[in-house]
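Input: a single structure, listed below in structure tokens.
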Amino acid sequence: MILRAIDLRAGYRSGFRRVWRDVLQGVSFSVPRGSVTGYLGINGAGKTTTIKVVVGVNPASGGRVEVDGAPAGTPEAKRKLGYFPEAPSFYEGLSAAEVLDFFGGLAGLGRAERARRGDELLEAVQLSAARDLPVRGYSKGMRQRLGLAQALLHDPPLLVLDEPLDGLDPMGRLGLRELIARQRERGRTVFFSSHVLGDVEAICDHLVVLDGGRVAYEGPTSGLAVDPGGRTEVVVGPRPGADPGPGPGGDDDVRAALGDAVGPGGGPALERRSDGSLVVACPAPEVVDRVIDAARAAGRRVLEVQRRGAGLEEQFLRRFGQPAQAPTAAREADAAAGAAERAS
Amino acid sequence: MSAPEQPPEAGGAAGGGLPAVLTVARLAFREASRSRLLHALVGATVFAALVSLVLAYGVGDDAERHRKVVCDLSLSAIALLGTIAAIFLGTSLVAQEVERRTIYLVLARPVSRAGFVVGKFLGLAGVLAVAVAAMSAGFLVVFALAGGSPSPAVLAALAGTYLELVIVGALAILLSVAAHPVEGAVIAFVVALTGHVTADMNRLGETLVREATDATRPLAELASRGLYVAYVLLPNLENTNLRAHAAHDLPVSAGHLLGGAAYTAVYATIVVALATVAFRRRGL
């Protein structure tokens, strides 16, 4: 494990009387080395609070965090991670090259090494053309890319990214997903928080979900994202030369065959689209094969096979979308299930 | 669970060592030296020197009087506008990092909070040196027009003014870390003004006790103790104030200047140490 939080407590002072409030109430989790781990939770769950302790910006008020065996906040721990804060902000008067030179200096890189790594990373994040322009003129996307470049500057084994997808356009999100994938291929570990659950589902192999100041789920993404009530839809093309308008369109024979393939109760699983194609809902994987065989036997083409059902986002909202309360039996069961899957 | 009385410092006690502190100092120097306010204050100081030259010629034809007026007014302008620069730069250097959240990126590197504050102070001290040098250059040109020359007393007064600004800058950093930046700037300005009368305050306390009647003695002793505490805690900026020596071309001993430098080093070190403690306890 490259990152471990053990009974972590952290919070902040608020109000006129500066009363202390623990946001994290004994958070424990582990991040496997080489994984892309998503850190999820609703707003105010304590994701950023956790990350600030991990990277050494704020101290914990209890428990401990270890980065590759070193206590969080120590120089040893800081050298092993690269940090991308939420909506990164830079020294507005400096250029991208100067920003990277400064952070490279703090990371202990020599002058030549800073220049070389700076050039490489500005090229990688497509900021070479703007390298000498003041950051104050940068767009949000350019700032995000510069933030990633500074996090990667000393080539750390662990990347800690706080809402890196926030505010990025689809191209920017795709670029970031590719960058994270490259880091995983290089054996690096990525630990990141995000609200963009579709992307989290696509790139994370491990999840930690925070709810009510505690870990509500920890385990593989599939343990939370796969919906046991989901189904696969097979789209069967219309009969060649058939009228695409409303009405059965001479589909009685294939309807019967597809219904038989689905099995008992297969009738209502068929839906006819306006273009004449038929959508067949398959409740189990073995049904998909039978439906495809039946469609081909009837001289029809299979246009599409797609998994339908609740993805990570819907599952997340279903389980954690309610206001945080004391851990319920269901949440404890989620946590136990995640632990069991990890153990297996 | 409540917050620990003395939370462990994120960033570690050792931090990233001197190179990281110097890197922070270099950036602080670069940022502060690009401040438009600083440029304006340096320009205003030169303008004040030129105004003093006009005023000097307006009071008569005595060349010695010209020299004294320009020296007195210009050195006072350097001290006053330099104090404003030290306060505004000192209060903004750390506060802006917190407000803009650039501090997150810095503290995630092998730099301790203490190292960060020390680096900021060193950068401020550096930029104040350059600012005083620029103000001094402008003043010396105008001073030459008035028939003056950079005597040892004048140079010592300029050096003393710089030492004064170093103390004010350190206080500004402490107050901006411990309080809101605007409140910190106001308090720093009051302390900077009070710093020129702390010795007088102490003498006032002694006089109060000496001249008290039996009826007023308890109150006089209480006031005297309060004034003595203020005398000890507040900076004595008169230790390095050699402007009267320069205006009247009085000799300045090396011991006087070195004593002032030692006082500045000790006082500024204590203030910056307090700032590091205050900053360690602050949530970000």
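Per chain, numbering begins at 1; letters A, B, ... match sequence-line order. All heavy atoms count here, side chains included; hydrogens, waters and symmetry mates do not.
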Should A/E98 and B/R30 count as an ion pair when the cut-off is N to O under 4.0 Å?
yes

Cut-off 4.5 Å, heavy atoms of chain B, and the answer for A/Y12 is neither

Honestly, the part of A/Q25 sitting under 4.5 Å from a heavy atom of chain B is neither

Within a radius of less than 6.0 Å around CZ of A/R184, do more than 12 heavy atoms belonging to other residues, nucleotides or ligands occur?
yes

How close do B/L284 and A/N58 get, heavy atom to heavy atom, and via which atoms?
O-ND2, 2.7 Å

How about OH on B/Y263, more than 12 heavy atoms from neighbouring residues, nucleotides or ligands closer than 6.0 Å, or not?
yes

When rounded to the nearest 0.5 angstrom, what distance separates OG1 in B/T23 from CZ in A/F103?
11.5 Å

Under a 4.5 Å cut-off applied to non-hydrogen side-chain atoms, are B/R113 and A/P59 in contact?
yes

Could you go through A/Y91 and B/E97, starting from their C-alpha distance and side-chain angles, then the distance that decides it, and tell me whether this counts as side-chain hydrogen bond (donor to acceptor under 3.5 Å, both in side chains)?
CA-CA 9 Å; A/Y91 303 95; B/E97 294 258 8; 2.8 Å; yes

For A/A107 versus B/P110, what's the shortest heavy-atom pair and its separation?
CA-CD, 4.3 Å

Structural part of A/A87 lying under 4.5 Å from a heavy atom of chain B:
both

Does the side chain of B/V24 come within less than 4.5 Å of A/L106's, by heavy atoms?
yes

Is there side-chain contact between A/L94 and B/R34, with heavy atoms separated by less than 4.5 Å?
yes

Within a strict 4.5 Å, meaning less than it, do heavy atoms of the B/Y104 and A/V55 side chains meet?
no

Any side-chain heavy atom of A/F84 within less than 4.5 Å of one from B/L105?
no

Let me have the donor-acceptor pairs involving side chains of residues 76-90 of chain B, under 3.5 Å, with sequence neighbours excluded, atom names and distances please.
| residue | atom | partner | partner atom | Å |
| --- | --- | --- | --- | --- |
| B/S76 | OG | B/D72 | O | 2.8 |
| B/T83 | OG1 | B/A79 | O | 2.6 |

Do you know which two heavy atoms are closest between B/R109 and A/L153, and how far apart they sit?
NH2-CB, 4.4 Å

Tell me whether A/E123 at atom CD has more than 12 heavy atoms from other residues, nucleotides or ligands lying less than 6.0 Å away.
no

